[in-house]
Protein chains: 2
Amino acid sequence: MATARELAEQHGWDAVTTRQLAERIEYSQPVLYSHFRGKREIIGAVALDGATEMAAALRAATAAAAGPRARVTALARAYLDFAARNPAVYDAMFQLDGGLAFAHEDTPPPLKDAFAALLETLAEVAGDGVHPGLFTELFWAALHGLATLTRAGRLPPEYAEHRVELLVDRLAVL
Amino acid sequence: MATARELAEQHGWDAVTTRQLAERIEYSQPVLYSHFRGKREIIGAVALDGATEMAAALRAATAAAAGPRARVTALARAYLDFAARNPAVYDAMFQLDGGLAFAHEDTPPPLKDAFAALLETLAEVAGDGVHPGLFTELFWAALHGLATLTRAGRLPPEYAEHRVELLVDRLAVL
DNA sequence: AGCAGATGCTAGCACTGCTAGACATCCGAG
DNA sequence: CTCGGATGTCTAGCAGTGCTAGCATCTGCT
């Protein structure tokens, strides 16, 4: 898993072939298949790992901020920062097919927890009469859009900070 | 191009192999390479085609609505509707690597025009002192996040409409 | 009639994820 | 002290991928 993640961050997921991976861990290919059902499951494992890490990063960022507005801003920045610093892991979580279930009762705990980390901070700024879960989904979608479009070169990176401020200003009810 | 799009919509982009494609158009593989430099360019061509179509769909939706609020809501619905109805084309535009340039001066006209279609309607609700382009980028990112996360099964589809309403309520200044 | 360019094909390369079957090695029962 | 089975690993190979080199054929101009 660690090697897959490392390889993906260095040369992109395209470079993470079973042969490359096997060579790096100094085993032959079939050994991989006695630990994972296939490449998809390797991606899924990296994704779960990343989800745990992201949840921790989000909580650390919000804990260090005082007041609802500062917390939400810190949350958004931490999210986008995580996506920018760990593009391969972010891809494994949300872009690639890791065979993971979302928004079901059988969603793996790390994923649920990452969503919970968002919810904890966002619930207090959802506004009256707005379901916190729904608000979190919307806020998350906006962050996800910013993260993916920016990294894919679809949005110029210069004004990233302005977009975050606008996002918090408009979405959060303070 | 039409065959590639058809095949992608029916069985996903994974099924769009040069062999499959060649067989469907009743030619051999190498013929594809005398029209396109590679598979990437085929995806790019489908993407450009889709961008033109999307721009038209967005303009048609907003033209039929009266008042800023109705226009923005119609725009958002039309965008998400397009993504839901043409998942393969949407993927070609924003998810896959079609070798297209974004946010540069050499961005292909259809892509610029699709962004312009968003800008036309969103500029009037950006709010005072907010750059219309920046606002459009943020709104677009939110829509993109909703579209991709919903289709990937990351967001439950039941409350899609509520999310759109919340998005318009919060982001647009009316 | 003969040539040139366009147009298409067959065959093949290097790569992908994945698997069957053989081979070693070790551990515990008799 | 032997030996059967479990365990772990490997080599070799399959079917499929994007892409290309090189050869055939057909068309239209001179």
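No hydrogens, no waters, no symmetry mates; every other heavy atom, side chains included, goes into these values. Only a predicted model underlies this, so the values are computations on that prediction, with no experimental measurement involved. Letters go in sequence order (proteins before strands), and every chain restarts at 1.
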Quiz prompt | Among dG17(C), dT20(D), dC9(C), the nucleotide that comes nearest once only the side chain of Y27(B) is considered | solution = dC9(C)
Exercise. Would you kindly give the CG-to-C1' distance between L7(A) and dT16(C), to the nearest whole Å?
Key: 15 Å
Practice problem: Nearest whole angstrom, please: distance from the C1' of dG18(D) to the CG of D14(A). | Solution: 12 Å
Exercise. Figure out the CD/P separation between E23(A) and dT11(D), and round it to whole Å.
Key: 12 Å
Quiz item: Within the structure, does a side-chain N or O atom of T18(B) lie under 4.0 Å from either OP1 or OP2 of dG18(D)?
Solution: yes
Exercise. From the options dG17(C), dC19(D), dT11(D), select the nucleotide whose nearest atom is closest to the side chain of K39(B).
Key: dC19(D)
Quiz item: For L32(A) and dA20(C), what is the distance between atoms CG and P respectively, to the nearest whole Å?
Solution: 16 Å
Quiz item: For E26(B) and dG8(C), what is the distance between atoms CD and C1' respectively, to the nearest whole Å?
Solution: 14 Å
Quiz item: In whole angstroms, how far is the C1' atom of dC9(C) from the CD1 atom of I25(B)?
Solution: 14 Å
Self-check item: Of Y79(B), F139(B), F115(B), Y90(B), the residue whose pairing with H144(B) passes ring-ring contact (aromatic ring centres under 6.0 Å, His included)
Solution: Y90(B)
Quiz item: Does a nitrogen or oxygen in the side chain of T17(A) sit under 4.0 Å from OP1 or OP2 of dT16(C)?
Solution: yes
Quiz item: Can you list the steps and then say if K112(B) with D106(B) is a salt bridge (charged side-chain N to carboxylate O under 4.0 Å, His left out)?
Solution: CA-CA 10 Å; K112(B) 279 189 178 170; D106(B) 57 347; over 6 Å; no
Quiz item: Does the salt bridge (charged side-chain N to carboxylate O under 4.0 Å, His left out) test come out yes or no for R85(B) and D81(B), once each step is laid out?
Solution: CA-CA 6 Å; R85(B) 283 182 199 277; D81(B) 196 58; 2.7 Å; yes
Self-check item: Pair D169(B) + R69(B): basic N to acidic O under 4.0 Å
Solution: yes
Exercise. Assign each of A15(B) and V31(A) to its nearest nucleotide of DNA chain D by heavy atoms, then name whichever residue's nucleotide is nearer the 5' end.
Key: V31(A)
Quiz prompt | For atom CD1 of I42(A) and atom C1' of dC18(C), their distance in whole Å | solution = 11 Å
Quiz item: Starting at CZ of F36(A) and ending at P of dG17(C), how long is that distance when rounded to a whole Å?
Solution: 14 Å
Self-check item: Candidates dT19(C), dA21(D), dT16(C) - which lies nearest the side chain of R19(A)
Solution: dT16(C)
Quiz item: Does CD belonging to E26(B) count more than 12 external heavy atoms closer than 6.0 Å?
Solution: no
Quiz item: When we call it a touch if two heavy atoms are under 4.0 Å apart, what does S28(B) touch: a base, just sugar-phosphate, or nothing?
Solution: base
Quiz prompt | Side-chain donor/acceptor contact of Q29(A) with base of dC10(D) under 3.5 Å | solution = no
Practice problem: Identify, between Q20(A) and P30(A), the residue whose nearest nucleotide on DNA chain C lies closer to the 5' end. | Solution: Q20(A)
